[in-house]
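One structure is given here, and the rest of the page talks about it.
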Amino acid sequence: MPLSIATWNINSVRLRLPLVEHFLKSWAPDILCLQETKCPNELFPREAFEALGYRHIEIHGQKGYHGVATLSRLPLQELSERRLYCGISDARHLSVVFSHGARTIRLHNFYVPAGGDEPDRTINVKFGHKLDFIEEMKLLHAEAEAGVSSILVGDLNIAPLEHDVWSHKQLLKIVSHTPIETEGLTSVLSGGSWVDLMRQHKPEPEKLYTWWSYRARDWQAADRGRRLDHIWSSADLAAHLNHVEILKEARGWERPSDHVPVIATFDL
DNA sequence: ATGGTGGTGAAACCA
């Protein structure tokens with residue numbers, strides 16, 4: 001039985017609604033996790049997604065900033081949760097539970113703080129917030145609930161491996177690729193018994209990017225990307241991974257997000 | 001070393 005899960009930092013769900021609709025029509029994942037919806041809950045365009053068959057929708061939004069949403073063609077159980085990280089009420093996490101065949105799966109959708117420009121928490125509180133957020137994510141285990149498999153997706157705003165950035169050396173002091181962040185995220189991964197599905201499918205040294213800055217003159221020619229978006233799962237699901245696709249073409253669509261969708265397909 | 005672009009929501013803040 002196939003299962004496909006997609007994640008996409010959309011950078012305003014209302015502005016880019018036509019792009020999300022196009023993606024859902026053409027790629028039709030079972031579930032799509034969005035980040036940076038930048039949309040208050042009461043203004044979320046539910047009807048547009050319901051019309052495309054995504055009738056099971058959970059949202060965790062706020063005005064102006066952040067925000068995550070999970071759109072599903074599969075029924076969701078009444079077990080969704082919105083966790084508070086660092087005691088700050090930003091809309092950065094949402095998890096849902098669904099059944100697939102004999103399995104029960106909890107799917108976490110994260111938007112990790114970007115962390116500002118200066119990689120020093122003594123002068124940049126946003127970087128401190130990011131490090132604290134990652135520290136708190138270490139409490140999240142892939143086998144947290146008996147009999148429940150786990151998937152974790154989202155914009156984690158960290159490119160953990162050498163070949164997750166266009167130049168390891170030039171980015172070592174750039175927020176998203178500093179050692180304290182990459183070691184922190186690696187520790188969240190291994191400590192929680194998670195499997196990095198993108199790297200299981202395409203190991204290093206192949207370059208993998210999911211984000212290209214808006215500020216480049218020609219993002220495609222420069223190709224200075226980073227792998228900021230991730231799909232992880234518990235080992236039982238990883239054993240049934242079929243494919244992972246990074247939809248690079250979406251970066252070239254009309255008025256694009258700076259992130260592209262990532263889609264994992266399982267054969268369960 | 002610097003500034004480059006884009007979103008929200010109407011100025012400053014964030015990515």
Side-chain angles (χ1 to χ4, degrees), chain A residues 7-23 33-45 48 59-69 85-86 88-94 109-121 123-134 153-160 164-167 169-178 181-182 184-185 209-230 247-262:
Chain A
T7 181
W8 194 7
N9 176 318
I10 197 59
N11 188 16
S12 175
V13 69
R14 285 175 288 172
L15 190 69
R16 276 181 252 290
L17 182 57
L19 296 190
V20 184
E21 290 176 312
H22 172 65
F23 172 69
C33 294
L34 296 171
Q35 302 88 35
E36 277 207 275
T37 52
K38 296 185 174 176
C39 182
N41 291 336
E42 62 274 20
L43 297 178
F44 192 86
I59 55 182
H60 184 190
Q62 68 183 77
K63 181 180 156 75
Y65 301 102
H66 325 311
V68 290
Y85 278 78
C86 307
I88 297 171
S89 61
D90 286 351
R92 296 185 179 275
H93 170 266
L94 169 65
N109 179 356
F110 274 99
Y111 176 54
V112 172
D117 288 332
E118 199 58 56
D120 177 351
R121 70 177 308 155
I123 57 171
N124 173 10
V125 295
K126 287 188 278 189
F127 193 68
H129 178 210
K130 183 177 196 177
L131 297 181
D132 292 344
F133 195 103
I134 291 296
V153 309
D155 176 4
L156 306 186
N157 264 318
I158 297 174
D164 291 341
V165 292
W166 63 276
S167 168
K169 199 176 162 196
Q170 286 179 256
L171 288 173
L172 274 170
K173 292 181 177 169
I174 302 297
V175 171
S176 74
H177 195 61
T178 64
E181 294 169 86
T182 60
L185 193 68
Y209 310 142
T210 65
W211 172 90
W212 291 262
S213 173
Y214 282 127
R215 297 177 189 179
R217 275 192 203 146
D218 184 340
W219 71 274
Q220 203 158 19
D223 199 25
R224 294 185 168 188
R226 305 178 201 170
R227 183 170 74 112
L228 303 180
D229 303 275
H230 299 269
L247 203 65
K248 185 175 179 180
E249 67 167 83
R251 186 62 180 76
W253 292 349
E254 196 74 24
R255 295 200 80 184
S257 169
D258 44 356
H259 297 251
V260 300
V262 184

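Within every chain, numbering begins at 1; the chains are lettered A, B, ... in the order of the sequence lines, protein sequences first and strands thereafter. Note that the structure is a prediction, hence the values are computed from the model and not measured.
In this structure, A:Leu15 and A:His259 both approach DNA chain B, and ranking their closest nucleotides by distance from the 5' end singles out A:Leu15. Comparing A:Tyr214 and A:Val13 by the nucleotide of DNA chain B whose heavy atom lies nearest to each, the residue mapping closer to the 5' end is A:Tyr214.
A donor-acceptor contact shorter than 3.5 Å is absent between the side chain of A:His66 and the backbone of A:Ala91. Side-chain atoms of A:Tyr214 come within 3.5 Å of backbone N or O of A:Asp258 as a donor-acceptor pair. A donor-acceptor pair under 3.5 Å links the side-chain atoms of A:His230 to the main chain of A:Ile158, judged by distance alone. Checked by atom type and distance alone, the side chain of A:Lys130 never pairs as donor or acceptor with a backbone atom of A:Val175 at under 3.5 Å.
Across B:dG9 and B:dC14, the matching C1' atoms stand 13 Å from one another, rounded to whole Å. Nucleotides B:dG7 and B:dA11 are separated by 14 Å at their C1' atoms, to the nearest Å. For the C1' atoms, the distance linking B:dG6 with B:dA1 amounts to 23 Å, nearest Å.
To the nearest 0.5 Å, the span separating CD on A:Gln62 from CZ on A:Arg92 amounts to 8.0 Å.
Residue contacts for A:Arg255: at a heavy-atom cut-off of 4.0 Å it reaches the sugar-phosphate backbone alone, with no base atom in range. Across all strands shown, A:Arg16 has heavy atoms under 4.0 Å from sugar-phosphate atoms exclusively, and none from any base.
Note on residues 111-121 of chain A: pairs passing salt bridge (Lys or Arg N to Asp or Glu O under 4.0 Å), not counting sequence neighbours, are A:Arg121-A:Asp132.
Nucleotides of DNA chain B that come within less than 4.0 Å of any heavy atom of chain A span, from the 5' end to the 3' end, B:dG4 to B:dA15.
Partner A:Gln35 forms a side chain to side chain donor-acceptor pair (under 3.5 Å) with one of A:Asn109, A:Asn9, A:Asp155 and no other, that one being A:Asn109.
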Using Watson-Crick and G-U wobble pairs with both distances under 3.5 Å, what is the 5'-to-3' dot-bracket string of DNA chain B, with [ ] for crossing pairs and | for pairs outside the strand?
-> ....((((...))))

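Atom CD of A:Glu254 sits in a sparse spot, with 12 or fewer heavy atoms from other residues, nucleotides or ligands closer than 6.0 Å.
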